[in-house]
Amino acid sequence: MQLEKVYEPQRFEPHWAQWWIDAGIFHADVKSDAPVFSLVIPPPNVTGSLHIGHMLEHSLIDCTVRWHRMRGDNTLWLPGTDHAGISTEMMVVRQLASEGTSRNEIGREKFIERVWKWKEQYGGTIIRQMIRMGTSCDWSRERFTMDSGLSRAVREVFVRLWEKGLIYRGEYMVNWCPRCQTVLSDLEVKHEETAGHLWHIRYPVVGTDRYLVVATTRPETMLGDTAVAINPRDARYFELHGKTVMLPLMDREIPIILDELADPKFGTGAVKVTPAHDPNDFEAGKRHDLPKIKVIDENARMTAEAGRYAGLDRFEARKQVVADLEQRGLIEKIEDYTLSVGRCERTKDIVEPLISTQWFVKTKPLAEKAIEVVESGKIGFIPENWTKVYYEWMYNIRDWCISRQLWWGHRIPAWHCQDCSKINVAREEPRNCCQCGSARLVQDTDVLDTWFSSQLWPFSTLGWPDDTEDLRKFYPTSLLITGFDILFFWVARMIMAGMEFMGEVPFHQVYIHGLVRDAERQKMSKTKGNTIDPLVVTEKYGTDAVRLALLMGAAPGTDIVLSEERMESTRAFANKIWNAARLIFMNMERSGVQPWVPEDLQAYRPEGDEGHVRDEDRWIFSRLSEVAEFVNLAIGQFRYHEVAQELWHFFWHEFCDWYLEIKKAQLKPESGMTADWRNLLAAFEAALRLLHPVMPFLTEEIWQRLAPATQARPKSIALASYPKQSDAWKTSPGQLKIRYLQNIMSSARTLRTEMKLDPKVKLTGVLYSQRPELHDAAKYYEGIIQTGTNVTLDPSYDPAPQSGAVISWPEGDIELNVPQSNLAEQRKRLEKEREQLEKNIANSTRQLGDETFLSRAPAHVVESIKTKLVDYETQLAKVRKALNGSSS
RNA sequence: GGGCGCGUAGCUCAGUUGGUUAGAGCGCCUGCUUCACACGCAGGAGGUCACAGGUUCGAGUCCUGUCGCGCCCACCA
């Protein structure tokens, strides 16, 4: 069983991914046979876009799924809308690629064909979801005819809301994107501070020779003005009440109205009113029954109403209008002004407020229940501070414009009667108008906002509106893992929809992770093009390394900075695990040991020949127990980064650096299976299981080689149980001895390095200590100490009194025979140590002399300081002695 | 305008409910190609925890203020 010197992830990852699918092991629904493709493997560029941000979510979801799976918690269900689709894409492309079809040749048709094959094969819930979630996966419309499940749910929801009066249609001011040619919801408009101007324009007051000066940031809209507003309490303009002005350039007489819209403190205190092109003006227009003159059209060009400006682009028109006004001396002044400009999230085009007829959902009644379930704790956010953000939005929620002028999506199930204009809203296409019976019905051409269907995800994917087994079993789900960027778009609306249509929350916990940023802290996004290509980095560093890099940064509430350096270090860790396995397998061969793992993994106890269990075995098992306890707790609390760090430290710096180093010396060639071997293999196997959720591919590969095929055992490490803390492992007098060993060895090494001694030079040293266990340990591990430090500890050795080469720790100290010439360095360190110790002693003494401290601090704190003080003093005595010795 | 968050080692970040000498990775310095691993081993340097107050026996951690940075929401012409 030879392993290569360097771990090559590419060789194993696709193999295991395929294996897992075939075995149907990974389920979001861990009880059913539906595979969940939340493995982090390279995605395609073919059928959709994916960026590293999704991979974070995959990693979190997959890590959690595996952990729950291994613990035997079979009720977990993790929603993840787009991600299911994208993961499947990744799987498909990988598989097709392995069959010889290159990524570029795959294309949508082949892709769909394969997905359908899988659907037949597995009947997977996830695949069903992916197909139903067409819109958010950018699938083409014909998909919906293939599986009408979601379309049905959407129509059902629409009809129900309509019947309850929660959907209405009306003429409103909406955000229009001239490039997309569609209306946008408020959430899709991003406001940006932009340098602009404030033009002060003179409007001649009819019947007088004075002007009323209005200030505007958009002079071109004046062509559509139908009034000028002043504040009724504004004393400057009392005499203008009831008068009219002549709109320049258009020569239209328009009234001066009294309205709170005008803020006396802003600009000139007078506002031009353009009801057709400004939301505020629109409202004012309704109050004063003003005509709405549309001067800008859907292409952002001036309309015929704009007179001689008709046909001009809106910004061209602005220049022209300003020029014309200037020519007529009607510009009073132009100020620099910073204003907030709304732009389309996707195209960055400046959004034009237009009046149009759209469909809206009344959100207030829906929001009430959604607020209540969070207040009552039925839904919790992690980290908690997101609850505030959620409330903030929910309390101030505004009606939701759900219609879009696109063809890519679910069409609104409404039919307009060509004869009586009645709107027929229905689940199925009606033949006749419900009011006049006419057959001349035309379906509304608008489609629904993609989030309208997305909000139904938690139940529509389970078969709703039918009363299915899935629905009964899996609704509500336990946990949603997602990014905060879609908290309002998706999460909040899922809660509203869940309460409205299921009468129950859709999930109980929402874990909100940070965003992935690049090394420059830029948010990674498709549109910015600064994404790290997952294809490239997983190829380069390996999937496990990329995933671990993501997990290590995933502290709740913080963003994740992903860099190549990070992935380099996690790759090094992967390689470390690989090489630990390599060491073990090589030695197994030498010793003639066959693959073996304990029958009952959790119940295994370190054993020994002749009734003697080695200290290092006791120690490593007690550490395994502690680490398992920590990790189980931490994953349950979504502290993935601490999990990763703990496992890292344990495996590298305890298992490899100490345990394997010690074991190496214990294992004998041709020994056959011994207690030493059983302990080592059991410990290693447990460590692999602990690591599995964060390093799935690698641990699977090694585990499969470690566990004999013949033995009755789970088919995959992912089906084995996750290690728990164990009393059988924890009883450990060995722990102390190993600590002594570590102390002895690091002391000897430190001493050597500080004295700048050639590592090849053999040294003799003597160990001073009052504790017999320490001498026991030194004797017991003699060989290891010698190989590890090149120092022989000889109790009978009597160093020269002036040697001064001493390193001490609370339980003991070591003195080496070093040449006099190397002592200067040592003195420096001792001086420094003495200073530190004196400072510590002063501190501790002061604290212990403080009555208030003694009376108020808890006993264990006082006690620990007392013990520390004793240690410091012992130490100081040793250091002083060494210093005196070396100076004499 | 409202809300949220951040400021800890050269860099990127951890730091559970306040408790002793504040951690990790990368980078840096020194020494090692020792038969698992140079994607390695051993040792080491480096921090007034943004600043100023306060609460406390005790503050990186809690409170107030200041400065700097970021994000979200909002119809101020």
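Just so you know, these numbers come straight off a predicted model, no measurement behind them. Residue numbers begin at 1 in each chain, while the letters A, B, ... track the order of the sequences.
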Q) Please walk me through it: do A:E188 and A:S185 pass side-chain hydrogen bond (donor to acceptor under 3.5 Å, both in side chains)? A) CA-CA 5 Å; A:E188 288 165 301; A:S185 78; 3.2 Å; yes
Does the side chain of [X] get closer than 4.0 angstrom to OP1 or OP2 of [N] through an N or O atom?
{"X": "A:W652", "N": "B:rC41", "answer": "yes"}
{"X": "A:K5", "N": "B:rC37", "answer": "yes"}
{"X": "A:Y872", "N": "B:rU20", "answer": "no"}
{"X": "A:H653", "N": "B:rA24", "answer": "no"}
{"X": "A:K190", "N": "B:rC71", "answer": "no"}

Roughly how many Å is it from [atom1] in [X] to [atom2] in [N], rounded to a whole number?
{"X": "A:Y640", "N": "B:rG15", "atom1": "OH", "atom2": "C1'", "result": "20 Å"}
{"X": "A:E565", "N": "B:rC11", "atom1": "CD", "atom2": "C1'", "result": "9 Å"}
{"X": "A:R566", "N": "B:rC39", "atom1": "CZ", "atom2": "P", "result": "20 Å"}
{"X": "A:R749", "N": "B:rG44", "atom1": "CZ", "atom2": "C1'", "result": "15 Å"}
{"X": "A:N575", "N": "B:rC41", "atom1": "CG", "atom2": "P", "result": "10 Å"}
{"X": "A:E220", "N": "B:rA77", "atom1": "CD", "atom2": "C1'", "result": "13 Å"}
{"X": "A:F630", "N": "B:rG23", "atom1": "CZ", "atom2": "C1'", "result": "13 Å"}
{"X": "A:H191", "N": "B:rG2", "atom1": "NE2", "atom2": "C1'", "result": "15 Å"}

Could you check which nucleotide pairs with [N] in any of the strands shown, counting Watson-Crick or G-U wobble with both distances under 3.5 Å?
{"N": "B:rG7", "answer": "B:rC67"}
{"N": "B:rA22", "answer": "none"}
{"N": "B:rC32", "answer": "B:rG40"}
{"N": "B:rC76", "answer": "none"}

Q. For RNA chain B, which residues in residues 862-871 of chain A have a heavy atom at a distance below 4.0 Å?
A. A:S864, A:I865, A:K868
Q: Look at the side chain of A:E661 against the base of B:rA36 and say whether a donor-acceptor pair falls under 3.5 Å; ignore hydrogens and angles.
A: yes
Q.
Please tell me whether A:W199 and A:Y337 form a close aromatic pair, meaning their ring centres lie under 6.0 Å apart.
A. no
Q. Which nucleotide in the set B:rC39, B:rA36, B:rA77 lies at the smallest distance from any side-chain heavy atom of A:L583?
A. B:rA36
**Q.** More than 12 heavy atoms of other groups within 6.0 Å of A:K190 NZ
**A.** yes
